[in-house]
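Because only heavy atoms are used, hydrogens play no part in the values below, and waters and symmetry mates are left out as well, while side chains stay in.
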Amino acid sequence: MNFLNQVFDNERIDLHSKSFHGCTFNNCELVYDGDRSPTFTDNEFIDTVFVFTGAAVRTLYLLGNIYHAGEGGHEVIDRTFKDIRDGSIHGHEVRTIAPHTVNHSLA
């Protein structure tokens with residue numbers, strides 16, 4: 001779903017697979033579950049927060065654990081956030097369950 005030049009006031013917005021261009025978010029909660037990423041272009045965020053659930057919050061816990069894990073942890077996380085700021089994020093999406101095999105996930 002695409003949103004163009006819309007104003008959102010005091011809303012809780014599920015971000016799953018959505019696109020926002022030229023929008024304004026006033027006092028909103030933007031909820032991200034770690035699935036398909038939303039896209040944001042030329043938006044304004046005023047007194048707005050991200051709320052992470054599911055895989056997204058588990059990823060944040062992982063980053064926090066690495067940060068506090070011991071020698072070198074701070075540097076790994078600092079470098080990750082530098083890559084985010086520089087627009088050079090490493091990684092790609094992969095399928096973790098091969099077709100026609102038993103689901104070996106931990107969920």
Side-chain angles (χ1 to χ4, degrees):
M1 184 175 295
N2 298 318
F3 297 92
L4 178 64
N5 299 323
Q6 292 191 10
V7 176
F8 300 92
D9 287 307
N10 303 304
E11 293 186 49
R12 184 175 175 98
I13 303 163
D14 173 22
L15 300 175
H16 182 82
S17 300
K18 294 180 179 148
S19 174
F20 302 91
H21 184 92
C23 295
T24 301
F25 301 91
N26 293 309
N27 195 39
C28 291
E29 291 184 339
L30 305 178
V31 181
Y32 179 58
D33 63 5
D35 202 359
R36 299 232 17 182
S37 294
T39 57
F40 294 97
T41 309
D42 299 324
N43 298 284
E44 184 176 9
F45 302 90
I46 303 163
D47 295 325
T48 291
V49 297
F50 280 96
V51 175
F52 299 95
T53 65
V57 76
R58 288 191 297 273
T59 299
L60 291 179
Y61 287 140
L62 169 67
L63 295 174
N65 287 337
I66 292 170
Y67 189 84
H68 296 288
E71 188 172 334
H74 289 126
E75 291 80 7
V76 170
I77 300 307
D78 289 342
R79 186 172 41 245
T80 300
F81 280 97
K82 180 185 181 306
D83 290 345
I84 290 169
R85 285 188 298 274
D86 295 344
S88 59
I89 299 170
H90 301 284
H92 59 278
E93 290 189 38
V94 296
R95 293 188 70 121
T96 57
I97 301 171
H100 309 296
T101 62
V102 176
N103 178 345
H104 294 286
S105 68
L106 298 175

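The same ILVMFWY cluster, assembled from side-chain heavy atoms under 4.5 Å apart, contains both M1 and F40. In the hydrophobic clustering of ILVMFWY residues, with side-chain heavy atoms under 4.5 Å counting as a link, V76 and L60 come out together.
The pair D86-K82 meets the salt-bridge criterion, with a side-chain N (NZ, NE, NH1 or NH2) lying under 4.0 Å from an Asp/Glu carboxylate O.
Using a 4.5 Å heavy-atom cutoff, the side chains of F25 and I13 are in contact. Two residues are said to be in side-chain contact when any heavy atoms from C-beta on lie closer than 4.5 Å; N26 and T24 meet this criterion. At a threshold of 4.5 Å between non-hydrogen side-chain atoms, the residues V49 and L30 do not count as touching. By the 4.5 Å heavy-atom criterion applied to side chains, Y67 and D78 are counted as neighbours. Residues R12 and V51 are in side-chain contact: their nearest non-hydrogen atoms beyond the backbone lie under 4.5 Å apart. Considering only heavy atoms from C-beta on, H21 stays 4.5 Å or farther from N2 through its side chain. With contacts defined as side-chain heavy-atom distances shorter than 4.5 Å, the pair L15/F20 qualifies.
In plain terms, the two heavy atoms of D14 and H16 that are nearest each other are OD1-N, 3.2 Å. Residues G34 and A55 come closest through the heavy atom pair CA-CB, 4.2 Å. For the pair Y32 and A56, the tightest heavy-atom approach, listed with the atom from each and the gap, is O-CB, 3.4 Å.
Atoms CG and CD, from N10 and E29 in turn, are 10.0 Å apart once rounded to the nearest 0.5 Å. Between the NE2 atom of H74 and the CZ atom of R79 there is a distance of 13.5 Å, given to the nearest 0.5 Å. The line from CG of D35 to OG of S17 is 6.5 Å long, rounded to the nearest 0.5 Å. Separating the NE2 atom in H68 from the CD1 atom in I77 is a distance of 9.5 Å, to the nearest 0.5 Å. For the atom pair CG of L63 and CZ of R58, the computed distance is 13.5 Å after rounding to the nearest 0.5 Å. Atom-to-atom distance recorded for L4:CG and S19:OG is 9.0 Å, nearest 0.5 angstrom.
Taking the six-membered ring where tryptophan is involved, the planes of F3 and F8 are perpendicular, since the angle between them exceeds 60° and thus also 30°.
Although no hydrogens or angles enter the test, the distance criterion places no donor-acceptor pair under 3.5 Å between the side chain of N5 and the main chain of C23.
Between the side chains of D47 and N27, no donor-acceptor pair of N or O atoms lies under 3.5 Å.
Enclosure of atom OH in Y61 is not indicated, since only 12 or fewer non-hydrogen atoms of other residues, nucleotides or ligands lie within 6.0 angstrom.
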